[in-house]
Peer 1: 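Quick one: the structure is below, and I'll ask about it shortly.
Order of appearance sets the numbers: ligands from 1, and atoms from 1 within every ligand.
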Amino acid sequence: MGIHFGVDYYPEHWPRERWETDARLMKEMGVQVVRMAEFSWFKMEPAEGEFHFEWLEEAVALLDSYGIKSILGTPTAAPPAWIIQKNPEIQPIDRQGRRRHFGGRHHDCQSNPDYRVHIRRFVTAFAKRFADNPGVIGWQIDNELGNSHGDLCMCDSCKRQFQKWLGRKYGTVEVLNEAWGTAFWSQGYNSFEQVGTPLITAVGENPSAMLDWKCYCSDLIVDFADWQAQIIRENCPSHFITHNFMCFDNKVDYYDLAGLMDFVSNDIYPAGHWQKQPHQPDNELAACHDVIRGYKKKPFWMMEQQSGMAGWEIMGRALEPGQMAAWAMQSVAHGADAVVFFRWRTCAMGTEQYWHGILGHSGNPGRIYNEAKRLTETFTKYMEEFEGSMPCPEVAIVHSFRQNYAFDIQPNHPQLRYVEQLQKYYKAFYDRKIPVDFVQDMDDLSQYKLVIAPLQYLMTPELEQHYMDYVADGGNLVLTMRTGVKDATNLCMTDRELPGRLGDLCGIEVPEYDCLLETTGGVLYGKKEYEIEKWCDIITLKGAHQIAEYSTGFYKQTPAITENKYGSGTVWYIGTEPGEELMEDIMTYITRICEIEPLGTAADGVEMMTRESEEKVWLFVINHTADEQVYHLHGMYTLLEGACEEFLQPYEVQLFEGYKRRK
Ligand code: GLA
Ligand code: ZN
């Protein structure tokens, strides 16, 4: 497409006279694309049916005259006050039954039929108006769907939709009663009409009902996006459609949402004030990019890449010199074909006054602008070559929204978080410079030498069979604690000991377990004692052999980690959450058995990642630290960018080119 760097731009926040300066400065910085208008409904339709697209057309044309293309966002995450005045019931209801009102954003119910009428009118006019505009190349639907929709919406319209959804899923209310286990606490229903949205209860909630509710909410968001995408495609068939996802966020099943998009986009704020301090660790960011690539198994765009200090009422840390560029190139290393920085100029008004951009409030180019300019000058030409290329990892980690929902509903241990657990496994590979893909459980796994499937809590006969086939055919699989505990509707399995049929695969049984509340435990592996956390499965060997044993608890000296040959493959069962050290040593052992080669060696904070085309491999070496670093590569590569091989300046990004790895 020839477009690789851009900014999120809000010309409507600034006087018309400033726009030309913005366009010139953008061009000089190497900007090729802007995203605009995703929060400008009132400006484009100040009263029902009165459309004012002229200002946006003017901005698009001006930018186009500087060679900058536009992506337009449908502004449906912030309906204007006149819509709310006409249809106040569009405003969502929270779990407490309270209405959430106008004055911020996301004050909309996505199932509300009146809201859909407003959207159809507006989006149709919007798409028609820009369908043939030479400056426009694509659309973003809504903005960060699911964001701020944590517990929303519990209104009557959502209740009716939920009932219909349940009707389609279960057919009869008797089947629902069975699937939800409503014999407990007299929760049986006579008809679907009696089922409500999960408003706050006196105490407790039904885990099966909650799982369906979360899946319904996800489906509603997907439907909302799909329906908008259809309006755009009918009126404007030649443009691409994308959406800005939020890494691992779980309000909507991103695999489903990705299906509607021409490509996936992502938003990332490593130094947001809510992140771990001083910023989200580079391994976690890397995992975010990998999961984003996994949603569509395609390269993606960064639609909001952090460019300045981020915060609303409170701010995070300032970006150190070089840090923004390192994070941007990290996105590219993991599969981004374009990087759009949020935002062009720091806003002087509204909630986001302190969410800083490429330019500060003054609008004068400064340190960040110059850094972005150097970045585009160095990398635009390579980005043209990278386009469409993909990382090709030998290791996959299984990721599932349904498992995530189930652990949100019942964490088992108060600190157990599904995504955090995935991140812990991921880090063991990232630190050892071994690239990873995220995959869905039922994906074809045969291309991977090693598959890690943590917390396979909800289980189906099909998934059991899938894992057994993968290993039987020579795959290497890691399964963990809390596997095979529940069926697909979140009821506990009762037909055999844990982990169900996967016990045959693993050569074990787990008749008992222990929850490490407010304590940690120990494991003996080799000659060393290691810390473990949260959970201990108490394992009986049924053919597997033990590779680590507990050193604490009444189950001391019983197996904690086992290994089993099955068909032509091997499966490991990890009955606990390994502390960081044990995780590292166990994964070193497992990757050695699987003959997985790291890209090189370096300290933590130095990242190595590759993208591959038909013929070429590009290797990125990124220093995420403020210190000089040394590293060593395991392959034959030619340095394309960077001062000195095997040596990195603080936050330096080096680029190498090499030949294809032989598989
Ligand atoms: C999000 C949104 C943007 C903006 C930024 C900063 O990621 O997509 O609209 O609000 O955060 O808050
Ligand atoms: Zn609603």
Side-chain angles (χ1 to χ4, degrees), residues 7-10 12-13 34-41 71 73-79 87-95 97-100 104-116 140-165 196-199 213 216-217 219-221 223-224 242-247 249 251 265-275 288 292 301-316 340-347 349-357:
V7 290
D8 298 298
Y9 185 38
Y10 303 91
E12 70 277 24
H13 297 170
V34 297
R35 182 201 60 186
M36 297 196 287
E38 80 282 6
F39 284 105
S40 308
W41 197 336
I71 297 169
T74 65
T76 50
N87 300 103
E89 66 291 347
I90 281 172
Q91 297 169 112
I93 302 286
D94 68 14
R95 288 200 82 177
R98 299 172 305 196
R99 210 170 267 297
R100 297 292 197 92
R105 62 175 173 185
H106 296 294
H107 44 274
D108 60 309
C109 163
Q110 293 173 339
S111 81
N112 185 291
D114 292 325
Y115 190 39
R116 298 247 180 151
Q140 173 186 296
I141 288 175
D142 201 276
N143 188 77
E144 293 186 341
L145 283 162
N147 191 1
S148 322
H149 277 249
D151 278 340
L152 306 179
C153 164
M154 313 269 159
C155 76
D156 284 344
S157 159
C158 287
K159 182 162 92 181
R160 281 191 300 276
Q161 294 303 321
F162 184 41
Q163 290 166 350
K164 277 196 211 152
W165 186 94
T197 53
L199 286 161
W213 169 254
Y216 154 76
C217 287
D219 284 358
L220 171 64
I221 295 172
D223 172 76
F224 182 77
T242 187
H243 177 71
N244 51 340
F245 290 40
M246 297 173 287
C247 305
D249 194 84
K251 301 305 181 304
S265 298
N266 192 34
D267 295 352
I268 209 160
Y269 292 99
H273 65 85
W274 66 92
Q275 302 283 20
C288 287
I292 285 287
W301 276 37
M302 293 305 299
M303 199 55 95
E304 297 182 19
Q305 175 89 41
Q306 182 171 0
S307 64
M309 281 173 81
W312 283 5
E313 292 76 24
I314 293 166
M315 281 171 264
V340 178
F341 289 103
F342 190 90
R343 50 198 307 156
W344 170 241
R345 180 172 174 183
T346 313
C347 188
M349 57 184 114
T351 305
E352 294 185 356
Q353 286 166 322
Y354 297 130
W355 206 287
H356 294 73

Peer 1: Which atoms of ligand 1 have any heavy atom of Asp267 under 4.0 Å away?
Peer 2: 7 (O), 8 (O)

Peer 1: Under 3.5 Å, is there a donor-acceptor pair linking the side chains of Ser40 and Glu12?
Peer 2: yes

Peer 1: Within the side chain of His243, is there an N or O that forms a donor-acceptor pair under 3.5 Å with the backbone of Ile141?
Peer 2: yes

Peer 1: Without hydrogens or angle criteria, can the side chains of Trp165 and Asp219 be said to hold a donor-acceptor pair below 3.5 Å?
Peer 2: yes

Peer 1: Once you restrict to heavy atoms under 4.0 Å, what part of Arg105 touches ligand 1? Side chain, backbone, both or neither.
Peer 2: side chain

Peer 1: What residues form a side-chain hydrogen bond (donor to acceptor under 3.5 Å, both in side chains) with Thr346, not counting sequence neighbours?
Peer 2: none

Peer 1: With backbone taken as N, CA, C and O and side chain as the heavy atoms from C-beta onward, which portion of Asn244 lies under 4.0 Å from ligand 1: side chain, backbone, both, or neither?
Peer 2: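 Only the side chain of Asn244 comes within reach of ligand 1.
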
Peer 1: Which protein heavy atom lies closest to atom 7 (O) of ligand 1, and at what distance to 0.1 Å?
Peer 2: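 Here the closest protein heavy atom is Glu144 OE2, 2.4 Å.
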
Peer 1: Can you find a side-chain donor-acceptor pair between Ser157 and Asn112 that sits under 3.5 Å?
Peer 2: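 No.
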
Peer 1: By the definition side chain to side chain contact (heavy atoms under 4.5 Å, CB included), identify the one residue from Met303, Met302, Arg35 that meets it with Phe342.
Peer 2: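 Testing each of Met303, Met302, Arg35 against Phe342, the sole residue satisfying side chain to side chain contact (heavy atoms under 4.5 Å, CB included) is Arg35.
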
Peer 1: Give yes or no for whether the N/O distance cutoff of 3.5 Å, strictly under, is met between Trp312 and ligand 1.
Peer 2: yes

Peer 1: Quick check on contacts: which atoms of ligand 1 are under 4.0 angstrom from a heavy atom of Phe39?
Peer 2: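 Result: 9 (O).
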
Peer 1: If you measure only the distance, is there a donor-acceptor pair under 3.5 Å linking the side chains of Asn143 and Asn244?
Peer 2: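 A pair is found: one side chain offers a donor N or O, the other an acceptor, under 3.5 Å apart.
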
Peer 1: Check Met246 against ligand 1 and report side chain, backbone, both or neither, counting heavy atoms closer than 4.0 Å.
Peer 2: neither

Peer 1: Check this for me, if you would: do Glu352 and Arg343 make a salt bridge, where the nitrogen-to-carboxylate-oxygen distance has to be below 4.0 angstrom?
Peer 2: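 Yes, Glu352 and Arg343 are salt-bridged.
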
Peer 1: Among all protein heavy atoms, pick out the one at the shortest distance from atom 4 (C) of ligand 1; state its residue, atom name and that distance to 0.1 Å.
Peer 2: Glu352 OE2, 3.2 Å

Peer 1: Could you grab the protein N, O or S atoms closer than 2.8 Å to the Zn ion (ligand 2) for me?
Peer 2: Cys109 SG, Cys153 SG, Cys155 SG, Cys158 SG

Peer 1: So which heavy atom in the protein is nearest atom 8 (O) of ligand 1, and how far is it from that ligand atom?
Peer 2: Glu304 OE2, 2.7 Å

Peer 1: Between Glu38 and Tyr10, do the side chains contain an N or O donor and an N or O acceptor separated by less than 3.5 Å?
Peer 2: yes

Peer 1: Under 3.5 Å, side chain of His356 to main-chain N/O of Gly308, donor-acceptor pair present?
Peer 2: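 Looks like no, no N/O pair under 3.5 Å.
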
Peer 1: Within the 4.0 Å heavy-atom shell around Asn143, which atoms of ligand 1 are there?
Peer 2: 2 (C), 8 (O), 9 (O)

Peer 1: Do we see a donor-acceptor contact under 3.5 Å between the side chains of Glu304 and Tyr269?
Peer 2: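 Yes - a donor-acceptor pair under 3.5 Å links their side chains.
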
